[in-house]
Amino acid sequence: MLLEFSQLQTQLHLLCQERSSLLDTLRQLEAANIEVKASGGPECEYPLTQQEYSDLRRAKYSEWSTTESSDDVEKQELEEASEDDETYFFDTNDCFPEQSTSCESMGKELKIQPNVMADSAHLQIERRKKLPDPAEKEKGVSLWSLIKDNVGKDLTRVCLPVYFNEPISSLQKCFEDLEYSYLLDRAYQHGKEGNSLQRALYVAAFAVSGYASSEGRHCKPFNPLLGETYEADYPEKGVRFFSEKVSHHPTLIACHSEGKGWKFWGDSNIRTKFWGTSIQLDPVGILTLEFDDGEIFQWSKVTTSIYNLILGKVYCDHHGLMHIRGNREYSCKLRFKGQHFLERNPRQVHGFVEDASGKKHATLFGKWDDSMYYINGVANVKPKDMGDAHLLWQRTMPPTNLTRYNLTSFAITLNELTPGLQVEMTHVFKVSYCIYFIYLLCL
């Protein structure tokens, strides 16, 4: 093996030398071109047609594709230049101005700075509308055989078959909280205009909107590997997102996102309890939202429970108190009402926006799976009394091509490989393979 590696290393060294000599030859030819132009030779005196230019380019490529050394090629070029004193060098920008202009405009359209949030009105990115069809039919699993020995244990330490997982990981599921990121854009604009109350209202609506994607989602996400990362770029939304699994036991995922005038980050650690017929998920961690003007809001998620795992229809419910703390004038308290058997109007959320002294300035109400409204001042609002209510957030309709995972239209696109991303991944794999090969040569 060492002998083979030494031979490969020798070959690599020879290739590097040939590449260096080739670059030197190209520099000399470019210098000769510049000297001819500086001597006052006529530029584009005999304009080439497109066919002649393509023929000349093919001839040049065929010449360079021979097995001759770079020194021989250089001598041949110099001899041809000395025999023909009227050799001219043509610029494709002069000969084909229309094509060069179109190429430059295409390059300008494709160049998108990573730190500039593009306007959604000028970006049309085609996202997929449905998941790919499964390769084979899924098989059912005996649920009782899995849960009888795991009652009372932490769900993260229970080995469940792949049938119970949905086709996204926990890293991607964190990004689902930013599906309605336009609420933060509006909050930033209101705060920029000096309306701090409206900013607090939209932040509260954003905190509730993250639960809308859990409707009908009965499968668990895949548990990523330690150190695994996920990155998403949605220029049509003006959002970039990055998440990483930073701890395995306990499972801890950290995320960071940037939008139009705001930054959002946090960590997600869920303590789970499996009670045979239900699962209780207690989130541990703080979510932080910071605007460019320095205003910060922090909150933690409420408890989530999944019921009827054995008998009846499986459903999900969120309950508890969410306290959104602000570092300036306003904060918000939201109560997620637990669902009961006799509840006629479940999934209710009710709360208030109050200042530092505890005075209530606005009332929020709605459902975490449908919409959120607000009324200025304090009011005991009922669902039928919607005359003075103002809409803050409305849930997006589910896709037409539903599967048993019940993914939203946004979740379907989270692990999609767009054409541009496929090209980038191909380059990354090539570079990684070359680095690995050089590493082996250096051993």
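Heads up: numbering here begins at 1 and tracks the sequence. Only a predicted model underlies this, so the values are computations on that prediction, with no experimental measurement involved.
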Problem set entry | CA sep, side-chain torsions, deciding dist, call: F242, F175, ring-ring contact (aromatic ring centres under 6.0 Å, His included) | CA-CA 8 Å; F242 185 86; F175 189 37; over 10 Å; no
For this session: Report yes or no: does D355 contribute a side-chain atom to a donor-acceptor pair with the main-chain N or O of E329 at less than 3.5 Å?
Result: no
For this session: List the steps, then state whether side chain to side chain donor-acceptor pair (under 3.5 Å) holds for S214 with H318.
Result: CA-CA 10 Å; S214 62; H318 309 285; 2.8 Å; yes
For this session: Determine the minimum heavy-atom distance between C332 and V353, stating which atoms define it.
Result: SG-CG2, 4.1 Å
Exercise. Is there a donor-acceptor pair under 3.5 Å between the side chain of S6 and the backbone N or O of L2?
Worked result: yes
For this session: Report yes if some heavy atom in the side chain of F336 is under 4.5 Å from a heavy atom in the side chain of M322; otherwise report no.
Result: yes
Exercise. What class does the angle between the rings of W265 and H256 fall in, given that below 30° is parallel, 30 to 60° is tilted and above 60° is perpendicular?
Worked result: parallel
Seminar exercise, completed: Heavy atoms of K245 and L171 approach each other most closely as N-CD2, 3.6 Å
Exercise. Between F264 and F241, is the gap from one ring center to the other below 6.0 Å?
Worked result: no
Problem set entry | For the student: nearest non-hydrogen atoms of T251 and N223, plus distance | CG2-OD1, 4.0 Å
Exercise. Does S257 reach the main-chain N or O of R240 with its side chain, forming a donor-acceptor pair under 3.5 Å?
Worked result: yes
For this session: With the side chain counted from C-beta on, respond yes when K237 and L178 share a heavy-atom pair under 4.5 Å apart, and no when they do not.
Result: no
Exercise. What pair of heavy atoms forms the shortest contact from S300 to I286, and how long is it?
Worked result: OG-CG1, 4.0 Å
Exercise. Quick one: does NZ or CZ of R186 land under 6.0 Å from the six-membered ring centre of F206, within 45 degrees of the ring axis?
Worked result: no
Problem set entry | Steps toward ring-ring contact (aromatic ring centres under 6.0 Å, His included) verdict (F365, H350) | CA-CA 4 Å; F365 62 96; H350 188 271; 7.3 Å; no
For this session: Apply the test salt bridge (charged side-chain N to carboxylate O under 4.0 Å, His left out) to residues R347 and E215: give CA-CA distance (whole Å), side-chain angles for both, the deciding distance (0.1 Å), then the verdict.
Result: CA-CA 11 Å; R347 304 173 182 178; E215 168 62 18; 2.7 Å; yes
Problem set entry | Distance-only donor-acceptor check, side chains K313 and N308, under 3.5 Å | no
For this session: Taking Q172 for its side chain and S169 for its backbone only, find out whether a donor-acceptor pair lies under 3.5 Å.
Result: yes
Exercise. Roughly how far apart are S170 OG and E228 CD, rounded to 0.5 Å?
Worked result: 9.5 Å
Exercise. Just checking, any donor-acceptor pair under 3.5 angstrom between side chains of S305 and H319?
Worked result: yes
Problem set entry | Q7 atom CD, neighbour heavy-atom count above 12 within 6.0 Å | yes
Exercise. Heavy-atom distance under 4.5 Å between the side chains of D267 and L252, does that happen here?
Worked result: yes
Exercise. Say you draw a straight line from CD1 of I296 to CG of N327; how long is it, rounded to the nearest 0.5 Å?
Worked result: 5.0 Å
Problem set entry | Donor-acceptor side-chain pairing of T288 and Q298 below 3.5 angstrom | yes
Problem set entry | Separation between CZ of R395 and OG1 of T408, rounded to the nearest 0.5 Å | 8.0 Å
Problem set entry | Minimum side-chain heavy-atom gap L364-M372 below 4.5 Å | yes
Problem set entry | Heavy-atom pair of closest approach, residues I324 and A204 | CD1-CA, 3.7 Å
For this session: Would you check if there is a donor-acceptor pair between the side chains of S331 and H323 at a distance under 3.5 Å?
Result: no
For this session: Begin from the C-alpha positions of D177 and K301 and carry the test salt bridge (charged side-chain N to carboxylate O under 4.0 Å, His left out) through to its verdict.
Result: CA-CA 11 Å; D177 291 344; K301 291 191 173 183; 2.7 Å; yes
Exercise. Do H361 and Y330 have ring centres separated by under 6.0 Å?
Worked result: yes
Exercise. So, do P283 and T304 sit near enough that their side-chain heavy atoms are less than 4.5 Å apart?
Worked result: no
Exercise. Are W262 and L289 close enough that some pair of their side-chain heavy atoms sits under 4.5 Å apart?
Worked result: yes
For this session: Check the angle between the aromatic planes of F297 and F291 and answer parallel, tilted or perpendicular using the 30° and 60° thresholds.
Result: perpendicular
Problem set entry | Trace of the side-chain contact (heavy atoms from CB on, under 4.5 Å) decision for S371 with L391 | CA-CA 8 Å; S371 58; L391 178 65; 4.1 Å; yes
Exercise. Is the charged tip of K333 near the ring of F352: under 6.0 Å from the six-membered ring centre and within 45° of its axis?
Worked result: no
Exercise. Between H13 and Q17, is any side-chain donor less than 3.5 angstrom from a side-chain acceptor?
Worked result: yes
Exercise. Taking the six-membered ring for Trp, are W393 and Y180 ring centroids under 6.0 Å apart?
Worked result: yes
Exercise. Is there a side-chain contact (heavy atoms from CB on, under 4.5 Å) between I253 and V246 once you walk through the steps?
Worked result: CA-CA 6 Å; I253 295 175; V246 296; over 6 Å; no
For this session: Check whether the ring centres of Y188 and Y182 lie less than 6.0 Å apart, and answer yes or no.
Result: no
Problem set entry | Sub-4.5 Å side-chain heavy-atom contact between K192 and D293 | no
Exercise. Is the Y202-Y374 ring centre distance short of 6.0 angstrom?
Worked result: no
For this session: Could you tell me whether a side-chain N or O of S213 sits under 3.5 Å from a main-chain N or O of E176, the two making a donor and an acceptor?
Result: no
Problem set entry | Evaluation steps, side-chain contact (heavy atoms from CB on, under 4.5 Å), between Q348 and Q339 | CA-CA 9 Å; Q348 289 289 318; Q339 185 172 347; over 6 Å; no
Exercise. What are the two closest heavy atoms between N165 and P221, and how far apart are they?
Worked result: OD1-O, 3.4 Å
Exercise. Heavy-atom distance under 4.5 Å between the side chains of V239 and S181, does that happen here?
Worked result: yes
Exercise. Is there a donor in the side chain of Y234 and an acceptor in the side chain of T413, or the other way round, less than 3.5 Å apart?
Worked result: yes
Problem set entry | Steps toward side-chain contact (heavy atoms from CB on, under 4.5 Å) verdict (I168, Y230) | CA-CA 11 Å; I168 60 174; Y230 170 73; over 6 Å; no
Exercise. Rounded to the nearest 0.5 Å, what separation is found between the CZ atom of F222 and the CG atom of N415?
Worked result: 10.5 Å
For this session: Using the side-chain hydrogen bond (donor to acceptor under 3.5 Å, both in side chains) rule, pick out the option among E193, Q189, E295 that qualifies with R199.
Result: E295
Problem set entry | Salt-bridge contact E166-K220 (side-chain N to carboxylate O under 4.0 Å) | no
For this session: Please round to the nearest 0.5 Å and tell me the distance separating atom CD of E244 and atom SG of C255.
Result: 11.5 Å
Exercise. Once you round to the nearest 0.5 Å, how far does CD of E258 lie from CD of E290?
Worked result: 10.5 Å
Problem set entry | Heavy-atom neighbours of R19 CZ exceed 12 at 6.0 Å | no
